[in-house]
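Working notes for the structure below.
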Amino acid sequence: VTSRFVSTYSAQVLDRERTLAQSNLAAPEVTSESFGIMTASFGFQAALLLDDQGRVLQAVPADPSLIGKPIAGGYQHLTAALQGHTAISAVVRSAVERAPVVALATPFETPFGRRVFSGAYKVADTPLGAFLHDDITVGNAVLYLVDPSGTVVASSQDDDGAIQLLSATQPDLARAAVIAERGHFQDRGHDSYFVRRPVAGTSWSLLVAVPSAGLFSPLDSGRSVPWIILAVSAFLAAVSSWMTLRLVEARERRATEQAAALDRERNLVATLQQLSQAKRDFVDGVSHDLRTPLTSITGFLEMLQDGDAGPLDEHQAEMVDAVARNAARLTRLVEDLLTSARLDSDMAQSEQEMVEVSPLLRNVWADIAGMSVGRSLTFDLQVPSSVGVVLGQAHLLERVILNLLSNATKFTPDGGTITMQATADGNTLTVEVKDTGIGLAPEDQARLFQPFFRAAPSRDEIAGTGLGLVVVAGIVDQHHGAIEVDSVLGAGTTVRLRLPLATTGVPAAVTSRR
Amino acid sequence: VKAILVADDDPDIASLVAAKLRRAGYQVHVCDDGEAALAAAEEIRPDLVLLDWTMPKLTGLEVCMELRSRDHFATLSIVLLTAKSSEEDVQQGLAAGANDYIVKPFSPRHLLARVAAVLGHHPALPD
């Protein structure tokens with residue numbers, strides 16, 4: 001097995017793959033799925049991934065019995081790769097397709113130690129395969145594939161005429177092949193005549209050698225030599241262009257496949273964009289169609305209640321009030337549904353901005369406090385004047401705080417306290433909304449973020465749709481944040497919101513109390 | 001008496017708005033598409049136009065821009081009345097020349113207050 005073959009072949013074929021492998025295989029854990037995809041995309045028929053102890057991490061075709069076990073059989077190319085060298089195996093018959101394969105093992109360094117990626121090619125898919133094709137035989141001629149330094153990469157010289165990789169160079173051939181396109185050299189003790197042709201698309205040459213003895217003995221010297229040389233030359237030209245064609249074909253096929261894959265990807269992206277736009281259009285349409293009748297219903301009801309159509313008697317007023325209450329409930333439901341439906345496309349289509357958190361929290365706080373006039377609640381705001389900046393959409397973040405604070409006031413009876421606190425720790429913003437309200441049973445806490453879920457005690461007494469926290473969770477998720485709830489039934493609820501900060505503010509604790 | 005032109009293709013909403021405004025003492029004209037709104041505006045020269053955004057023939061936004069492009073309507077009060085509620089919609093509506101923007105569903109009481117404010121009539125202040 002020549003290291004020359006490895007260096008030329010791997011440099012040409014594996015350059016791009018090596019970079020890709022480095023990034024794909026350096027993960028702490030390479031999954032069976034990702035390894036399978038990578039193996040297929042490189043065109044390997046089979047592949048192994050080893051750790052620095054030579055234990056199998058992944059195998060294609062997948063074989064659970066191999067995982068975690070050291071490789072058996074003393075494969076030299078794997079041993080060499082574990083020591084940090086790129087190495088190629090001898091040609092072996094593949095157990096999978098019963099075709100000759102040659103395996104290339106590449107070491108790469110990862111944060112988790114050295115790993116070895118070894119993929120097996122079908123020989124027929126390599127230049128070697130083309131070179132060693134059955135058709136290429138000419139009497140007692142020997143074919144050599146040589147690299148630019150004259151080192152033999154492979155030769156057809158073998159007992160049964162099959163592929164053979166040479167491990168030793170032939171200094172005489174090397175000298176001759178580098179200097180001349182034709183000439184004589186000593187081939188294993190015999191004087192041979194050779195002709196050399198480049199293989200286009202590679203740095204290699206193809207060389208045909210005919211023993212001088214074979215060239216002359218059966219023939220009348222003087223007349224026949226030029227004919228033989230001509231025949232060998234013509235043959236070599238044919239083989240060389242045939243190999244070139246095979247290589248170019250393989251390259252074009254690869255380019256076509258890549259272009260097709262790129263096309264498929266582009267189409268997928270376009271389809272997804274269309275779907276997102278279609279969803280947006282649909283939500284807009286539904287929104288218009290739901291709001292229009294609601295406008296007439298709630299509008300005329302208000303006029304009836306205001307006595308714009310004449311005074312109502314007590315019984316009529318009660319009925320109209322009941323209708324109005326339910327119309328208002330329906331309106332809230334529609335608004336929450338539409339907000340939740342529009343979230344995805346909103347985030348996808350609107351621009352992100354730098355949102356100064358403290359003023360946003362204070363504004364929403366003021367709105368909620370204003371809306372709670374007439375309730376006897378204590379409001380405790382603990383937000384520094386500048387707690388930092390979050391990358392996102394202000395109106396969506398406002399909606400999160402509004403929903404959390406409005407829940408806190410709704411579920412806290414008179415006499416209770418609502419606290420909002422904001423702190424920055426490193427790159428994380430934490431906003432805590434705490435109430436001394438009715439709280440939640442443990443089994444209800446898990447279901448809080450399910451659409452339309454409402455905890456039993458509040459279901460009939462407190463207005464709501466069961467969508468507020470669904471919207472909150474959606475927005476927080478879109479902003480790469482997290483939310484958690486601590487609650488004790490009868491004692492109160494704390495909702496903790498964490499968001500990544502774009503910049504950190506001045507850590508000055510400013511407290512205002514009302 | 002201030003004259004108000006109401007353009008909305010939903011007859012119930014048009015009559016709701018008209019009823020509330022008439023009760024408050026305004027003189028109200030109603031039409032149900034964008035082209036009719038333009039023609040009626042030329043004919044009656046109202047003090048204020050209430051435009052639905054989504055209307056046949058011409059949208060409320062197009063009517064608004066067309067009115068603003070005519071010199072004699074440069075100072076006309078225009079209010080958009082629409083189910084389109086996103087931030088971008090509101091900005092687009094105001095950028096097109098509307099003085100105010102009211103989102104459906106709305107409270108008729110609230111609508112009346114906004115109309116009065118746009119017309120510069122503030123009942124709580126001494127004259």
Side-chain angles (χ1 to χ4, degrees), chain A residues 280-281 283-311 320 323-324 326-339 341-353 355 392-399, chain B residues 4 6-26 28 30 32-34 50-56 59-61 79-94 101-116 123:
Chain A
R280 209 179 156 80
D281 292 347
V283 171
D284 281 353
V286 169
S287 162
H288 181 263
D289 291 353
L290 288 173
R291 282 198 171 112
T292 301
L294 276 173
T295 305
S296 292
I297 294 169
T298 55
F300 280 119
L301 278 168
E302 189 195 286
M303 288 185 71
L304 282 175
Q305 285 173 314
D306 285 358
D308 286 350
V320 168
V323 177
N326 285 282
R329 204 163 134 187
L330 186 59
T331 306
R332 270 197 307 276
L333 182 65
V334 166
E335 288 305 317
D336 284 354
L337 262 176
L338 292 177
T339 307
R342 203 181 281 127
L343 262 187
D344 294 342
S345 49
D346 252 24
M347 279 303 280
Q349 307 219 356
S350 300
E351 299 225 337
Q352 305 269 299
E353 54 193 335
V355 183
Q393 288 177 257
H395 71 278
L396 294 179
L397 292 170
E398 261 169 22
R399 165 67 81 147
Chain B
I4 297 179
V6 176
D8 197 314
D9 62 328
D10 185 293
D12 291 331
I13 294 179
S15 89
L16 169 74
V17 173
K20 190 70 186 180
L21 293 174
R22 284 193 184 115
R23 260 194 87 74
Y26 294 106
V28 183
V30 175
D32 63 2
D33 71 58
L50 266 169
L51 292 169
D52 179 27
W53 186 315
T54 320
M55 278 191 297
T59 68
L61 202 70
V79 176
L80 280 169
L81 190 59
T82 167
K84 292 164 90 72
S85 63
S86 79
E87 275 297 313
E88 294 88 52
D89 292 333
V90 176
Q91 283 164 16
Q92 200 187 346
L94 294 177
Y101 191 106
I102 298 174
V103 175
K104 294 177 185 175
F106 56 87
S107 143
R109 233 181 281 139
H110 183 88
L111 172 86
L112 197 59
R114 296 281 274 264
V115 164

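Lettering of chains follows the sequences in order, A, B, ..., and the numbering in each one begins at 1.
The only option from B:Pro105, B:Pro108, B:Ser107 that meets the side chain to side chain contact (heavy atoms under 4.5 Å, CB included) definition with A:Thr298 turns out to be B:Pro105.
B:Leu16 approaches A:Gly299 most closely through the heavy-atom pair CD1-C, 3.3 Å.
The line from CE of A:Met303 to NZ of B:Lys20 is 5.0 Å long, rounded to the nearest 0.5 Å. Here the CD1 atom belonging to B:Ile13 is positioned 12.0 Å from the CZ atom belonging to A:Arg291, to the nearest 0.5 angstrom.
At a 4.5 Å heavy-atom cutoff, the contact between A:Asp306 and chain B is made by side-chain atoms alone. B:Ser15 touches chain A through backbone and side chain together, each having a heavy atom under 4.5 Å away. Interface remark: B:Asp12 contributes backbone and side-chain atoms alike to the contact with chain A (heavy atom separation under 4.5 Å). Both the backbone and the side chain of A:Thr292 have a heavy atom closer than 4.5 Å to some heavy atom of chain B.
Comparing B:Lys104, B:Lys84, B:Arg23 by how many heavy-atom pairs each has under 4.5 Å with chain A, the most go to B:Arg23.
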